[in-house]
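Inspection log for the structure reproduced underneath, given as structure tokens.
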Amino acid sequence: MSVEDEILRQRLASVREIRALGFSPYGHRFDYTHSIPEVLRLWGAAGAEELDRNRTTLRICGRIQTIRRMGKAGFAHLMQEGERLQIYLRQDSLTAAEFDLYRRLLDLGDIVGAEGYLFRTKTGELTLHVGRLDFLAKTLLNMPEKWHGLEDVETRYRQRYLDLIANPEVRRVFLTRSRIVASLRRQLEERGFVEVETPMMQPIYGGATARPFITHHNALDIDLYLRIAPELYLKRLVIGGLERVYEINRNFRNEGISTQHNPEFTMLEFYQAYTDYRGLMDFSCELLRQVAIDATGSAEVSWQGRTLDFGRIRRFSLREAILEFWRDGPPPTMDELRDPAWLARRSTKASPGEALLDVFEQVVEERLIEPTIIYDYPLETSPLAKSKPDEPDFVERFEIYAGGIEIANAYTELNDPQEQRRRFEMQLAAAERGDEEAHRMDEDYLRAMCYGLPPTGGEGIGIDRLAMILTDSRSIRDVILFPLLRPEPPLGLAERLRAAEAATAHEG
RNA sequence: GAGCCGGUAGCUCAGGAGGUAGAGCAUCUGCCUUUUAAGCAGAGGGUCCUGGGUUCGAGUCCCAGCCGGCUCACCA
């Protein structure tokens, strides 16, 4: 018999004994007077005499993290909400059943409730002297090892609950992620933005360049696409008079998986009527500075051994950045960056604009460690952005980089329907040349634009990537609770549970 | 999709010139009423990822595959 099956049988035998002693192995409501973090906050600094003088009865609960049995007494640590408190149990303070429960039937990972009073041990640790012990939930499988936690990356992702139990820093990462989202919501709400939800299943996908997931609706007998972006729906809402809207939700892109890409990822998109990309740059700087403070306590964030200052976000135009960050010999001149022949020598891309962006991505992108705004992008790569009045081959668009990755993309929205029609037609031509990711013609969106989209600025912020930066995480999987993995083969657990149940039933 | 690295007990990991598989934690038994990586004494536990091949003999060498990680490509 394998170790796991042996443990399974032992634990199921314990379940029967716990019941026989009058406890419930899968308990019931437990009204604790204080959570463990509350206990630590209230009494963490209280001295031994003070605790003895003001002896109060508390009820606490949590998962058993360590247990040290010493004959007629012993200690355990209970873990709740990421913090732990020691409890002390002794034979002469408990009923026979309670002591038996503690002595023979508690395993690491079990969830218990305890009532008692606080004291300090010889070594000074705050500890609950238990007068009543309650059983709340049994663990049937071995918990991860206590010294090293859970290291196996695959298990950490597949069984995130174990990761959260065993690795306190993982818990902190996801709490920080939650604070990031809360901070963004609060800041947007304070400025009058309205949160909305737009379709995830779309008949025509758009708003980004990516391959989609396709699904099927049976009753309507139509294929639908999981959205690659909410952009076109949010702008319809701006047309409808929701002048400040935002959505924080999932996008789905049928592309490769990497440390920076998960097929489903979370995006904040917000639109503000009557502003432009300059206005959004200023807003973004405030937004990111405050998010950094709310998430980490400081606008200066440590990332992979460097310090990123979200209080001072640099700004370069795309072409300035190429000159600034050029490392491969003497930098080109601004005239060369404007010269299609020069660009064609530097990139295999079809058009000068695409080639310029290609050069930027080769030369600059990974060097943008410090938070940086890059603005003024080539028109060809931005089918939904308004062009610059004085430079029609470029659009009023910027991206924000930090840690060498793109975390935001924003532009002044194109609001001329005839120009939008021409851009769609350019995309169709690209699609005919074989560009799988080219934008589709979206006449329904064109119709909406024909009713008048006010001058508007719109921005998307990649929440997962922002969370990576603000939690010092190297992989997007470390900030997504359940990243996509290939499915596991069948576990055979139901069969093992059935066998163990049959075996212990015979013993009983 | 390509390259590199990895997969040994429930967990964390050693080991391996080819010759019956190791530690710590966890589990079980015994002792222990202020311990805290509790301690002490003993015991059980393995498809060394899978399938082929070479060999008297493969966990170790070779090939293929599976799963994962990293890098690159695509992308945000």
Side-chain angles (χ1 to χ4, degrees), chain A residues 1-11 13-14 48 65-77 84-94 99 102-104 107-109 119-127 129 139-159 162 165-167 207-212 228-229 251-269 361 365-366 399-401 405-409 435-437 460-466 468 474-478 483 485-489:
Chain A
M1 187 171 21
S2 75
V3 178
E4 268 203 308
D5 286 333
E6 191 184 317
I7 285 174
L8 204 51
R9 293 189 187 192
Q10 287 160 4
R11 300 278 167 99
S14 292
Q65 199 195 23
T66 65
I67 191 160
R68 293 172 291 284
R69 280 180 267 242
M70 299 171 301
K72 299 183 182 63
F75 293 86
H77 276 108
R84 53 183 234 173
L85 179 68
Q86 184 169 257
I87 62 175
Y88 177 54
L89 306 106
R90 42 190 294 164
Q91 191 168 34
D92 53 18
S93 299
L94 297 168
F99 189 74
Y102 145 75
R103 188 79 188 96
R104 296 172 36 241
D107 291 298
L108 296 180
F119 73 108
R120 293 227 174 244
T121 62
K122 273 184 188 166
T123 54
E125 180 165 351
L126 185 68
T127 301
H129 192 292
T139 167
L140 297 182
L141 296 173
N142 249 328
M143 300 302 286
E145 201 242 17
K146 64 185 172 188
W147 299 358
H148 308 87
L150 180 64
E151 301 281 343
D152 184 78
V153 179
E154 187 177 351
T155 309
R156 288 185 44 225
Y157 294 155
R158 289 197 195 279
Q159 296 178 263
L162 291 181
I165 290 167
N167 299 321
T209 53
R211 301 213 307 270
I228 58 173
N251 291 342
F252 306 87
R253 298 190 186 174
N254 207 340
E255 311 273 0
I257 295 175
S258 80
T259 48
Q260 287 168 46
H261 301 88
N262 195 62
E264 55 177 315
F265 63 101
T266 303
M267 184 89 114
L268 160 66
E269 282 203 18
E361 285 169 358
E365 186 167 356
E366 66 180 22
E399 295 187 346
I400 305 176
Y401 289 84
I405 59 180
E406 182 192 335
I407 57 176
N409 179 22
D435 184 349
E436 277 186 71
E437 297 185 337
I461 296 180
I463 298 297
D464 313 276
R465 289 179 172 186
L466 181 59
M468 285 170 68
R474 280 177 53 243
S475 171
I476 200 168
R477 289 171 172 145
D478 291 326
L485 301 177
R486 210 175 282 276
E488 276 181 290

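Below, each value reflects all heavy atoms present in this structure, side chains not excepted, and no hydrogens, waters or symmetry copies. Numbered from 1 within each chain, the chains take letters A, B, ... in sequence-line order.
B/G44 and B/A21 have their C1' atoms separated by 16 Å, with the value rounded to a whole Å. The separation of B/G7 from B/C48, taken at their P atoms, amounts to 14 Å, rounded to a whole angstrom. Of the P atoms belonging to B/A9 and B/G24, the separation is 16 Å, rounded to the nearest Å. The same atom, P, is picked in B/A37 and in B/C25; the two are 13 Å apart, to the nearest Å. Across the P atoms, B/C62 and B/G18 are found 11 Å apart, a figure rounded to whole Å. As rounded to the nearest Å, B/C72 and B/C56 have P atoms that lie 47 Å from one another. Across the P atoms, B/G59 and B/G30 are found 38 Å apart, a figure rounded to whole Å. The P atoms of B/A23 and B/G46 are separated by 14 Å, rounded to the nearest whole Å.
For A/Glu151 and B/G7, the CD to C1' distance is 15 Å, given to the nearest whole Å. One interatomic measurement links the two molecules: CD1 of A/Ile257 to C1' of B/A73, which rounds to 15 Å at whole-angstrom precision. Going from atom CG of A/Leu108 over to atom P of B/U12 covers 16 Å, rounded to whole Å. We find that NZ of A/Lys72 is positioned 16 Å from C1' of B/U34, with the value rounded to whole Å. Distance A/Ile67 CD1 to B/C25 P: 16 Å, rounded to the nearest Å. Across the protein-nucleic acid pair, A/Gln159 atom CD and B/C11 atom P stand 9 Å apart, rounded to whole Å. Taking atom CG of A/Leu162 as the reference point, atom P of B/A26 lies 17 Å away to the nearest angstrom. We find that CE of A/Met143 is positioned 13 Å from P of B/U12, with the value rounded to whole Å.
Pairing partner, B/G57: none, since no Watson-Crick or wobble contact has both distances short of 3.5 Å. Summarising the base pairing, B/G1 is matched to B/C72 through a Watson-Crick or G-U wobble pair whose two defining distances lie under 3.5 Å. Look at B/A21: it lacks any Watson-Crick or wobble partner with both distances under 3.5 angstrom. Across the strands present, B/A64 finds its partner in B/U50; the criterion is a Watson-Crick or G-U wobble pair with both atom distances under 3.5 angstrom. Shown here, B/G39 forms a base pair with B/C31; the pair counts as Watson-Crick or G-U wobble because both key distances fall under 3.5 Å.
Distance from the side chain of A/Arg68 is smallest to B/A38 among B/U33, B/C11, B/A38. The side chain of A/Val153 lies closest to B/G69 when the candidates are B/U33, B/C67, B/G69. The A/Glu154 side chain lies nearest to B/C67 when the options are B/C70, B/C28, B/C67. Proximity note for A/Thr209 (side chain, C-beta onward) versus B/A76, B/C11, B/C70: the nearest is B/A76. You'll find that the side chain of A/Tyr157 is closest to B/G69, out of B/C74, B/G69, B/C11.
Mapping A/Glu365 and A/Gly74 onto RNA chain B by nearest heavy atom places A/Gly74 at the nucleotide closer to the 5' end. Across the interface with RNA chain B, nearest-nucleotide mapping of A/Phe75 and A/His148 shows A/His148 to be the residue nearer the 5′ end.
Under the 3.5 Å distance criterion, the side-chain polar atoms of A/Arg465 are matched with a main-chain donor or acceptor of A/Gln260. Under a 3.5 Å cut-off, the side chain of A/Asn262 and the backbone N or O of A/Phe265 do not form any donor-acceptor pair.
Backbone-only contact: A/Arg158 has heavy atoms under 4.0 Å from sugar-phosphate atoms and none from a base. A/Gly149 comes within contact range of the sugar-phosphate backbone alone, with a heavy-atom separation under 4.0 Å but no base atom that close. Within the 4.0 angstrom heavy-atom criterion, no nucleotide atom of any strand lies near A/Gly462. Base engagement by A/Arg253 is indicated by at least one non-hydrogen atom pair under 4.0 Å involving a base atom. A/Ile405 comes within 4.0 angstrom of no nucleic acid atom, judged by non-hydrogen atoms across all strands. Nucleic acid contact for A/Arg211: none, since no nucleic acid atom lies under 4.0 Å from a heavy atom of the residue. In this structure, A/Asn262 reaches the bases: a heavy-atom distance under 4.0 Å links it to at least one base atom across the strands shown. Within the 4.0 angstrom heavy-atom criterion, no nucleotide atom of any strand lies near A/Gln91. Among the heavy atoms of the strands, none lies under 4.0 Å from A/Asp464. Within the 4.0 angstrom heavy-atom criterion, base atoms lie near A/Phe119. Residue contacts shown for A/Glu488 are absent, as no nucleic acid heavy atom lies under 4.0 Å away.
Between A/Ser258 and B/A76 there is no side-chain polar atom (N or O) within less than 4.0 angstrom of OP1 or OP2. Not one side-chain nitrogen or oxygen of A/Lys146 sits closer than 4.0 Å to the OP1 or OP2 atom of B/C11. A close approach under 4.0 Å does occur between a side-chain nitrogen or oxygen of A/Thr259 and OP1 or OP2 of B/U71. For the OP1/OP2 pair of B/U33 and a distance below 4.0 Å, the side-chain nitrogens and oxygens of A/Arg90 include no atom meeting the criterion. Of the side-chain N and O atoms in A/Arg465, none sit less than 4.0 angstrom from OP1 or OP2 of B/A76. Residue A/Arg486 has a polar side-chain atom (N or O) positioned under 4.0 Å from OP1 or OP2 of B/G68. Within the structure, a side-chain polar atom (N or O) of A/Arg477 is placed less than 4.0 Å from OP1 or OP2 of B/C70.
Contact of A/Glu6 with B/G10 (side chain to base): no donor-acceptor pair of N or O atoms is detected under 3.5 Å. A/Glu125 contributes no side-chain N or O that forms a donor-acceptor pair with the base of B/U35 under 3.5 Å.
Of all heavy-atom pairs between A/Tyr102 and A/Arg68, the closest is OH-O, 4.0 Å. Taking all atoms of both residues into account, the shortest heavy-atom contact from A/Arg477 to A/Pro483 is CG-CB, 3.6 Å. A pairwise comparison of heavy atoms in A/Ile228 and A/Phe252 identifies CG2-O, 3.3 Å as the closest pair. The two residues A/Gly71 and A/Phe99 make their nearest non-hydrogen contact at O-CZ, 3.7 Å.
With A/Pro144 as the fixed residue, the side-chain contact (heavy atoms from CB on, under 4.5 Å) test singles out one of A/Ile165, A/Leu150, A/Asn167: A/Leu150.
Taking a cutoff of 4.0 Å between a charged side-chain nitrogen and a carboxylate oxygen, A/Asp478 and A/Arg156 qualify as a salt bridge.
No hydrogens or angles considered: nothing links the side chains of A/Glu151 and A/His148 as a donor-acceptor pair under 3.5 Å.
Environment of CD in A/Glu366: sparse, with no more than 12 heavy atoms of neighbouring residues, nucleotides or ligands closer than 6.0 Å.
The aromatic ring of A/Trp147 does not stack onto the base of B/A37, failing the criterion of a centre distance under 5.5 Å from the six-membered base ring together with planes under 30° apart.
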